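In what follows, chains carry the letters A, B, and so on, assigned in the order in which the sequence lines appear, proteins first and then strands, with residues in each chain numbered from 1. Side chains are part of it too, since the values below use all heavy atoms of this structure and drop only hydrogens, waters and symmetry mates. Since the structure is predicted, the reported quantities are computational estimates derived from the model, not experimental observations.
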2 protein chains.
Amino acid sequence: MAQVTPPPGRPRRSTINDVAREAGVAASTVSRAFTNPDRVNQVTRAHVLEVAERLGYAPSPTARALESGRSDTVALLVPDITNPYFSGTIKGAERAAAAAGVTLVLGDTQEHPPTEEKLVRRLGPAVDGFVLAASRMPDEALRRAAELNPVVLVNRASPGLACVVADFDTGTRQIVDHLASFGHTSFVFAGGPPESWSGSRRWVGLQAAAHERGMDVQRHGPYVPMLSSGAAAADAVLGAGATAVVCHNDMLAIGVLRRLGERGVAVPGDVSVVGFDDMFGSDFCTPPLTTLAERTEDAGARAVDTLLLQARQRSAEPGALVLPTQLRVRGSTGPARVG
Amino acid sequence: MAQVTPPPGRPRRSTINDVAREAGVAASTVSRAFTNPDRVNQVTRAHVLEVAERLGYAPSPTARALESGRSDTVALLVPDITNPYFSGTIKGAERAAAAAGVTLVLGDTQEHPPTEEKLVRRLGPAVDGFVLAASRMPDEALRRAAELNPVVLVNRASPGLACVVADFDTGTRQIVDHLASFGHTSFVFAGGPPESWSGSRRWVGLQAAAHERGMDVQRHGPYVPMLSSGAAAADAVLGAGATAVVCHNDMLAIGVLRRLGERGVAVPGDVSVVGFDDMFGSDFCTPPLTTLAERTEDAGARAVDTLLLQARQRSAEPGALVLPTQLRVRGSTGPARVG
DNA sequence: GATCACATGGCAATCGTTTGCCAAAAGTTG
DNA sequence: CAACTTTTGGCAAACGATTGCCATGTGATC
């Protein structure tokens, strides 16, 4: 019977069986040669590996996952991939995943809770767990997701779930101390989206610290954290006659800087500006931005590590890992103007 | 016989068989209800879907991939995830993948060809294809990879492979025209890594355009395209007494701007600076950078689209898709200083 | 040299789907 | 109403690995 000659297509990828046949052993032996070296004779193993190499064989993660239940894949979901703030988290997660020999699946939730839930549901059966960065999902949805898959949150907390968060309490106090040291007695907070967990933590921290120091603080916004929203925020700050503004994040802060520049307002002469995130670009805008840096790369890496721990050993320890923040003082803050 | 009661672990995810049993149909019917609606009666289908919903069933992409051969997953490999230049490509790829209902796996090759090859080999059996952005792999390795998986390159060309590239020929001519219009009669190119395909395309284009216009151009470098390399590049430019410098990319260009600022050199008064990429931040550095913008987001999206086309129908058309570039003229370029 | 343990390799079941094929049921046609 | 087509659902065989269990062969021990 003539073998069907496949038309000029892609050559079939060789499987464990091809290797087994070619090496004259059973498939199970090939499998063990790869995953369980002690279980097979050294010389057999060497031979198998040699044949595998020659055939260009690589084990199929898919088939492996199906049988073993582990996919050695973790998913990282971020609200907006393009936002440079998340670059660090992504990088860190990538690094930790690569170090652990695990594949990273990246999802963009578009700041949209339903999209996030849909992704979790779709990816769930195929990954070993989720790192949800700045998740917008309601607690209830998070709880449900965590029933089926290990979940670690980044800069978001939810009852019973492990998370990695920045130390906003200390960080915001540093900001307030810094402003106070320059003689500011009040400031404005230009707030971001109400659903943002980080945002509310920041506001709470700023209020508390301001209160401790007897400073006056008022909140404006919410503003969409984009450069273009900076104009509105800046104008509101000027309208309020404030000597300092702390912005929801650097994106907004840089937008504010721009607008102030356009309007001929001196920074920090007339108004001091502070941001959050120390995002890429914050050190080369004009003036360079004073901002509270988070260790986002660490956060991403630690989140993945925590997740893998949780997934491999089923020891679910829903602890919170708090990472220190650091105030980077640059040119956008200075002495309060008098009068 | 007493059923083994699982200790307080994660509840078992329901499978197609659970749904089938609960709905009183065969597993194949459930499968078809999801993937082949016409093949099953409307009311049966509705019932099955209802049961599936109730049980929180989601098909396992893993099992599906194993049988069907398609994983509905594509991998995007970039040299450096953190580099904001790639954000656009990543975003675009994500968008196109999401639109096609396909999962995106992200890999960071760390600008390291062996890492890239290892990733391709490891991920190969589990994905429907690769988008390789600014791949550093030698042509030969690319060819081998493309034998086993569909591959689409971004800003890299290789014989027989589909690619999406920026129109550097036109773009570089625009840069040169722009400089010439300001009276510059020569300029320096601060080059990037020699392996960079984009980099060499840029250099070739600049040379050709300069030659056409009778301008003099010399190449310095290579420089590692990071902010910190800007100092060396800037100093070299000053040493050469050039009136204009075109940098390998914006990262380097901004580094150059900084250094020139530190040294009290006026931009564009003394020296004009041009970059490539229109990376995030290029519009709010000081002065804002004149740069050649690529449509990176489009590139990522088109690459994924091309890849899926190639993967689904096995029509391998190794065409090159050339995307237009756009010169964004900002504050860093101006009239050549005289003398 | 008989006994035993251990190292090693193979058999076969399994993971959760998809899909080719067949059979039953339903509808159509003359 | 017989013969035929079409719709619809089920059976069972893959897909490519992993892994529990068993069989064999080897060397160690007494």
**Q** For Arg45(A), look at atom CZ and say whether over 12 heavy atoms of other residues, nucleotides or ligands are found less than 6.0 Å away.
**A** yes
**Q** So for atom CZ, which belongs to Arg136(B), do other residues, nucleotides or ligands contribute more than 12 heavy atoms lying within a distance under 6.0 Å?
**A** yes
**Q** Could you note down all residue pairs passing side chain to side chain donor-acceptor pair (under 3.5 Å) where residues 68-83 of chain B supplies at least one of them, sequence neighbours left out?
**A** Lys91(A)-Asp80(B), Ser71(B)-Asp128(B), Asp72(B)-Arg312(B), Asp80(B)-Thr82(B)
**Q** Across nucleotides 16-28 of chain D, 5' to 3', mark each nucleotide with B, S or - according to how protein heavy atoms within less than 4.0 Å reach it.
**A** BBBBBB-------
**Q** Starting at atom CD of Gln42(B), determine the distance to atom P of dG9(D), rounded to an integer number of angstrom.
**A** 10 Å
**Q** Among Leu123(A), Leu76(A), Val74(A), exactly one meets side chain to side chain contact (heavy atoms under 4.5 Å, CB included) together with Phe130(A). Which residue is that?
**A** Leu123(A)
**Q** For Glu94(A) and Leu106(B), which heavy atoms make the closest approach, and how far apart are they?
**A** OE2-O, 3.7 Å
**Q** Provide, to the nearest angstrom, the distance between the CG atom belonging to Asn36(A) and the C1' atom belonging to dG9(C).
**A** 13 Å
